[in-house]
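Encoded as structure tokens, the structure appears first; notes follow it.
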Amino acid sequence: MIILTGPCVLEDRDTVMKIAEMLKPLSEDKRVDFYFKASFDKANRTSLSSFRGPGLDEGLKMFQEVKEQFGYRLITDIHESYQAAPASEVVDVLQIPAFLCRQTDLLVAAAQTSCKVNIKKGQFLAPNSMKHPVEKVLKTRGVDEVSFQASKENGVWLCERGNTFGYGALVVDMKNLIAMREYAPVIFDATHSAQVPSTGETTGGNSAIVPSLAKAAAAVGVDGFFFETHFDPSVALSDGPNMLQIDKLYETVNDIFAIKDALGYN
């Protein structure tokens with residue numbers, strides 16, 4: 001089972017290294033295909049004054065230190081096509097943010113690297129619309145067929161994080177997980193699915209529902225999970241309200257495997 005987890009954004013070095021150290025037991029779990037996740041730049045923050053991260057150059061230095069000290073494989077977002085090549089020299093997975101999932105130049109730039117590409121489904125899109133971003137990456141890599149197997153063999157994932165609905169809420173339709181698996185392995189983003197989109201200067205959320213969402217996705221059957229985590233979400237510089245505390249992350253991962261084992265999923 002793929003597990004992508006780490007702080008929302010690279011904060012200061014000490015915070016990043018502390019979280020990385022606390023995730024070491026999960027990285028050593030033989031059941032887990034582990035990746036350390038964080039963003040070097042949160043370019044879509046609500047407010048101009050919100051913390052965005054250290055930027056590309058300093059962020060890649062932090063990632064390199066995490067890789068050298070812990071041996072972790074790494075995943076980060078990119079927001080502009082020029083970021084793909086330098087980021088790919090350090091990280092193993094390039095993530096395409098949900099609001100940018102249709103951006104052809106960004107998808108092509110990511111596909112031209114040797115990294116896996118994790119495409120987050122836009123909150124505004126139906127699941128069958130995600131065939132087209134997958135196709136852009138696969139065709140750039142010389143593959144004409146869009147299928148689960150073709151994507152698995154060529155390092156393309158899709159990521160579900162809910163749809164906008166009603167008055168600023170996100171709703172997770174579990175049918176989406178099934179539909180998108182026709183095109184690629186599916187990662188369920190449990191923490192962003194618990195967000196309450198911007199209603200003021202920052203985005204809110206409800207971390208209490210994260211374990212329930214994750215367990216529901218495990219019962220449906222997915223290929224992996226994305227969790228943002230922190231030793232103290234109340235002081236996190238981004239996405240704290242929907243983030244899991246690290247001890248709760250471990251509990252949730254164990255519940256996921258219990259469901260997986262009970263249902264006989266590979």
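Here the closest heavy-atom approach between residue I78 and residue P97 is recorded as O-CD, 3.1 Å. The heavy-atom pair separating G6 from L23 by the smallest distance is CA-CD1, 4.1 Å. The nearest pair of heavy atoms linking R141 to G155 is NH1-O, 3.5 Å. Closest of all the heavy-atom pairs between V186 and V222 is O-CB, 3.7 Å. For the residue pair I96 and A110, the shortest heavy atom distance occurs at CD1-CB, 4.1 Å.
S147 and E145 are linked by a side-chain donor-acceptor pair at a separation below 3.5 angstrom, with hydrogens and angles left out of the test. Side chain to side chain, R161 and N176 fail the donor-acceptor criterion of an N or O pair below 3.5 Å.
The environment of NZ in K260 is crowded: more than 12 heavy-atom neighbours from other residues, nucleotides or ligands sit within 6.0 Å. With a 6.0 Å radius and a threshold of 12 heavy atoms from other residues, nucleotides or ligands, R102 has its CZ atom at or below the threshold.
Side-chain contact between M17 and V66: present, with at least one pair of heavy atoms (C-beta onward) separated by less than 4.5 Å. Side-chain atoms of M1 and F257, non-hydrogen and from C-beta on, do get closer than 4.5 Å to each other. Y35 places none of its side-chain heavy atoms less than 4.5 Å from the side chain of L74. Put simply, the side chain of V91 does not reach to within 4.5 Å of the side chain of I75, judged on heavy atoms. Two residues are said to be in side-chain contact when any heavy atoms from C-beta on lie closer than 4.5 Å; V16 and D14 fail this criterion. D144 places none of its side-chain heavy atoms less than 4.5 Å from the side chain of L138. You'll find the side chain of L263 reaches within 4.5 Å of the side chain of I259, heavy atoms only. When side chains are defined from C-beta on, L94 does not count as touching N118, because their heavy atoms never get closer than 4.5 Å.
From T15, atom OG1 reaches atom CG of L237 across 7.5 Å, with rounding to the nearest 0.5 Å. Rounded to the nearest 0.5 Å, atoms CD (E89) and OG (S114) are 9.5 Å apart. One distance of note links CZ of F227 with CZ of F188; it measures 8.5 Å at 0.5 Å rounding. Here the straight-line distance linking atom CG of L177 with atom CG of D223 works out to 10.0 Å at 0.5 Å rounding. Between S27 atom OG and M22 atom CE the span is 13.5 Å, to the nearest 0.5 Å. One finds the CD1 atom of I3 at 6.5 Å from the CZ atom of F225 (value rounded to the nearest 0.5 Å).
Ring centroid separation for the pair Y72 and F34 comes in under the 6.0 Å cut-off.
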Next item on the list: Would you check, one step at a time, whether the test side-chain contact (heavy atoms from CB on, under 4.5 Å) holds for E182 with L158?
Entry: CA-CA 10 Å; E182 292 186 29; L158 286 174; over 6 Å; no
Next item on the list: List the steps, then state whether side-chain contact (heavy atoms from CB on, under 4.5 Å) holds for N242 with N206.
Entry: CA-CA 5 Å; N242 56 265; N206 179 11; over 6 Å; no
Notebook entry, point to check: Given T252 and D255, is the side-chain hydrogen bond (donor to acceptor under 3.5 Å, both in side chains) satisfied, shown in steps?
Noted result: CA-CA 5 Å; T252 302; D255 287 345; 5.5 Å; no
Next item on the list: Just do the side-chain contact (heavy atoms from CB on, under 4.5 Å) check on I19 and H230 with the steps written out, would you?
Entry: CA-CA 6 Å; I19 294 172; H230 202 283; 3.8 Å; yes
Note to self: Could you walk me through whether D92 and F36 satisfy the side-chain contact (heavy atoms from CB on, under 4.5 Å) test, starting with their C-alpha distance in whole Å, then the side-chain angles of each, then the deciding distance to 0.1 Å, before giving a yes or no?
What the structure shows: CA-CA 10 Å; D92 303 274; F36 182 83; over 6 Å; no
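Both V90 and F70 belong to a common hydrophobic cluster when Ile, Leu, Val, Met, Phe, Trp and Tyr are linked at side-chain heavy-atom distances under 4.5 angstrom. One hydrophobic cluster, built from ILVMFWY side chains closer than 4.5 Å, cannot hold both V93 and V156; they sit in different ones. Residues V32 and F226 do not share a hydrophobic cluster, clusters being chains of Ile/Leu/Val/Met/Phe/Trp/Tyr side chains in contact below 4.5 Å. M243 and V9 are members of different hydrophobic clusters when ILVMFWY side chains are connected at heavy-atom separations under 4.5 Å. Put simply, M180 and L107 are part of the same group of oily side chains (I, L, V, M, F, W, Y) that touch within less than 4.5 Å, one to the next.
At least one donor-acceptor pair under 3.5 Å links the side chain of S151 to the backbone N or O of Y183. Between the side chain of K136 and the main chain of V108, no donor-acceptor pair closer than 3.5 Å is present. Listed for the R181 side chain is no donor-acceptor partner under 3.5 Å among the backbone atoms of F148. Side-chain atoms of T191 come within 3.5 Å of backbone atoms of E228 as a donor-acceptor pair (strictly under, hydrogens ignored). Not a single donor-acceptor pair under 3.5 Å links the side chain of S193 to the backbone N or O of A190. A donor-acceptor pair under 3.5 Å links the side-chain atoms of T113 to the main chain of C115, judged by distance alone.
A salt bridge links E251 with K248: at least one charged nitrogen is closer than 4.0 Å to a carboxylate oxygen.
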When the side chains of residues 209-221 are checked against the rest of the protein, which donor-acceptor pairs come out under 3.5 Å, sequence neighbours left out?
none

Please output the side-chain donor-acceptor pairs of residues 54-65 that fall under 3.5 Å, not counting sequence neighbours, one pair per line with the distance.
| unit_1 | atom_1 | unit_2 | atom_2 | d |
| --- | --- | --- | --- | --- |
| E58 | OE2 | K61 | NZ | 3.2 |
| Q64 | NE2 | E68 | OE2 | 3.1 |
| E65 | OE1 | R13 | NE | 3.1 |
| E65 | OE2 | R13 | NE | 2.9 |
| E65 | OE2 | R13 | NH2 | 2.6 |

In a table with atom names and distances, give each donor-acceptor pair under 3.5 Å that connects a side chain of residues 120-127 to protein atoms at least two apart or in another chain.
| unit_1 | atom_1 | unit_2 | atom_2 | d |
| --- | --- | --- | --- | --- |
| K120 | NZ | D189 | OD2 | 2.5 |
| K120 | NZ | H192 | ND1 | 3.3 |
| K121 | NZ | L125 | O | 3.4 |
| K121 | NZ | E160 | OE1 | 3.3 |
| K121 | NZ | N163 | OD1 | 2.8 |

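The cationic atom of K18 (NZ for Lys, CZ for Arg) lies less than 6.0 Å from the six-membered ring centre of F231 and within 45° of the ring axis.
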